[in-house]
Amino acid sequence: MEILKINGYTIPETLEKTRKGDKKMMISGWDHPLANLRSELVQLEEEGYVVPESVKRDVAMLHPEADKWSERIADIYKKLDDLPVRAGWAYEEPDELDEIRRLRPEGPRRLEVRLSDSELLERYHGAWRGRSVGCALGKPVEAKPRAWIKELLTAQGEWELNDYFRCTGKDDWCPKSRREHIQYMEPDDDIHYTLIGLRVMEEKGAEFQWNDVADCWNARLPYSAICTAETQAILNYNMRCPRFYRELHIAATPAFTRRYNNPYREWIGAAIRADFWGYAVPGNPELAAEFAYRDACWTHTKNGIYAEMFTAAVISAAFAESDPVRLIEIGLSEIPVNCRFAEAVRLSLAWRKECPTWESFMDRVDARYAGMSSVHAINNLQIVVMALLYGNMTIDRNTALAVMGGMDTDCTGATVGSITGIVNPESRLAGRLNDTIVPQFIGENTCRMRTLAERTLAVRNAIRRQE
């Protein structure tokens, strides 16, 4: 296929046809359409569907450069409609809240929170501090394998991790989150989404809906600050929700926005957005999980949704319960008992009894989920579970465990820091952040974590008055 040059960029001939008016234009958000298609095949097989060998051959025959935007990709997608589920697939994994609730196990649903407003304020402050510590701790090694992180720290004489990463002197990723320079929590999507939750609840209250979240993204988050499933979902939303008569939302539905060209629909993106829904309703894991569902349902499916519901329920429960096993069990009680995510968490509880160290536990995780994306919800949330089970429920130790586990380190570290910050707000590492977040978020400039905690308490009290 002929390769063309436009404005200095190399593009395939088919894209030039599209530019000149061919109506079979491929639309893609996070990655190019061919990469999306390849990821879609993986995602479908993970969901239990049988992908025909003929389709795999068709994809393999596409040129890795010339066919990145080929119109043939759309023809292959048509062959992926109505695929059969492989024999013996026993999981039940719905996308709708009523079905999710029908399939969940027994749970406490509500817990007694014996904290005054002043005590809650300290817990909220700990949650914001812990989330920031875990995120900053993991940013310099985001997406790095566990072995790579251990080799680096061992070479520096600092294994196991107990402080922010030092500068290496060459091509340091995220220098503002390294020991020599850190003064605040720098911009990161793990923090931005917690701010989104705060804004949505302040502006819409407990009755917010999924499209309120999408509209808040449009108003507050630069498109360049959104990744993977979120990138594709917000693109899908805006394609079907024009600004003129936007309030009608006629064609933008969660069923469309979470699936169209979105092979990242079970990745970790929804789980990192869970925290504020748990903060908003301490001791009410059922409602926290419902809030999380509303947030997740338009960007993710199945286990991507369950991961956020589980995390929000755990965070809500942490205001009343400190035992990590009990917290994990409460999280499981809000998602389908027979889904792949719940199965993985139950395996983690069993492995804790069999594995004397967190590293031997992680050997089990790596073996079972070898080949799974390093930003998938299932394997990364097992790292969160590991950090809770092997730590001492403090911000500094538990976030270090999560980060040493590798993969999506800033995400897992932030989630663990949020949970442990509620249980135990004290942190040596938090002091280095000077109680300050500097986000890339429209409407929030430099944020004091104490102020964010006060605003969080105000949201909780407003919801309580509504109840």
Side-chain angles (χ1 to χ4, degrees), residues 30 127-146 148-149 161 164-165 173-174 177 185-197 221 225-231 233 264-279 292 295-296 299-300 303-312 314-315 331 341 344-345 348 362 365-366 369 372-388 391 395 398-421 429 437 439-440:
W30 176 248
W128 283 99
R129 295 169 82 219
R131 184 153 188 79
S132 298
V133 166
C135 184
L137 198 65
K139 277 182 74 67
V141 292
E142 182 179 3
K144 295 296 186 183
R146 178 165 60 103
W148 188 97
I149 295 170
L161 181 67
Y164 297 105
F165 283 88
W173 176 254
C174 299
S177 290
M185 179 66 240
E186 65 174 309
D188 189 272
D189 56 352
D190 293 87
I191 306 300
H192 294 155
Y193 289 125
T194 317
L195 292 171
I196 286 285
L221 289 180
I226 301 172
C227 304
T228 59
E230 287 71 23
T231 305
Y264 320 109
R265 56 189 178 267
E266 287 193 302
W267 286 14
I268 198 176
I272 71 174
R273 309 194 320 248
D275 295 59
F276 198 84
W277 316 125
Y279 299 168
D295 180 73
T299 62
H300 286 71
N303 296 278
I305 294 174
Y306 312 151
E308 181 169 0
M309 294 178 70
F310 168 89
T311 304
V314 169
I315 288 169
F341 180 85
V345 175
S348 294
M362 283 303 305
V365 173
D366 291 344
Y369 299 106
M372 180 174 277
S373 168
S374 63
V375 287
H376 202 284
I378 291 177
N379 51 3
N380 276 283
L381 266 291
Q382 302 329 296
I383 295 177
V384 170
V385 169
M386 175 276 291
L388 294 176
I395 293 172
N398 285 57
T399 56
L401 283 170
V403 170
M404 288 187 291
M407 292 194 271
D408 210 343
T409 48
D410 61 329
C411 295
T412 57
T415 298
V416 169
S418 189
I419 297 166
T420 53
L429 296 178
I437 297 171
Q440 186 182 4

Could you walk me through whether Thr415 and Arg131 pass the side-chain contact (heavy atoms from CB on, under 4.5 Å) test, one step at a time? CA-CA 6 Å; Thr415 298; Arg131 184 153 188 79; 3.8 Å; yes
Tyr164/Val133 under side-chain contact (heavy atoms from CB on, under 4.5 Å): CA gap, chis, key distance, verdict: CA-CA 9 Å; Tyr164 297 105; Val133 166; 3.8 Å; yes
Looking only at heavy atoms, the pair that brings Asn398 and Leu388 closest together is ND2-CA, 3.7 Å
Met185 versus Lys139: any side-chain heavy-atom pair under 4.5 Å? yes
Minimum side-chain heavy-atom gap Ser418-Tyr279 below 4.5 Å: yes
Check the pair Trp267, Asp408 against side-chain contact (heavy atoms from CB on, under 4.5 Å), reporting the backbone distance first and the verdict last. CA-CA 11 Å; Trp267 286 14; Asp408 210 343; over 6 Å; no
Scanning both residues in full, the closest heavy-atom pair of Met404 with Leu161 reads SD-N, 3.4 Å
CG/Leu401 to OG1/Thr399 distance, rounded to the nearest 0.5 angstrom? 8.0 Å
Just wondering, do Ser348 and Met386 contact through their side chains at under 4.5 Å, heavy atoms? no
Rounded distance (nearest 0.5 Å) linking atom CG of Asp188 with atom CD1 of Ile272: 7.5 Å
Separation between CG of Asp275 and CG of Asp190, rounded to the nearest 0.5 Å: 8.5 Å
For Thr409 and Glu142, the nearest pair of non-hydrogen atoms, with its separation, is OG1-CA, 3.1 Å
Specify the closest pair of heavy atoms between Pro140 and Leu137, including all atoms of both residues, with the distance to one decimal. CD-O, 3.6 Å
Verify, without hydrogens or angle tests, whether Arg146 (side chain) and Gly405 (backbone) share a donor-acceptor contact under 3.5 angstrom. no
Looking only at heavy atoms, what is the nearest atom pair of Ala402 and Thr412, with distance? O-OG1, 3.7 Å
First locate atom CD1 of Ile196, then atom CD1 of Ile191, and finally report the distance between them rounded to the nearest 0.5 Å. 13.0 Å
Quick check: do Glu230 and Thr228 have side-chain heavy atoms less than 4.5 Å from each other? yes
Does the side chain of Ile315 come within less than 4.5 Å of Trp277's, by heavy atoms? no
Minimum side-chain heavy-atom gap Thr299-Arg273 below 4.5 Å: yes
Can you pull out every side-chain hydrogen bond (donor to acceptor under 3.5 Å, both in side chains) where at least one residue sits in residues 372-381? Sequence neighbours excluded, please. Glu46-His376
Side-chain heavy-atom pair Tyr264, Thr231 within 4.5 angstrom cut-off: no
I need the Ser132 OG to Ile395 CD1 distance, nearest 0.5 Å. 9.5 Å
Using a 3.5 Å distance criterion without hydrogens, assess whether the side chain of His192 forms a donor-acceptor pair with backbone atoms of Pro439. no
Spell out, as yes or no, whether a donor-acceptor pair under 3.5 Å connects the side chain of Asn303 to the backbone of Phe341. yes
Between Val416 and Ala387 the two heavy atoms that sit nearest each other are CG2-CB, 3.8 Å
To the closest 0.5 Å, what do you measure between NZ (Lys144) and CD1 (Ile149)? 9.0 Å
With a 4.5 Å heavy-atom cut-off, do Asp295 and Phe276 have their side chains touching? no
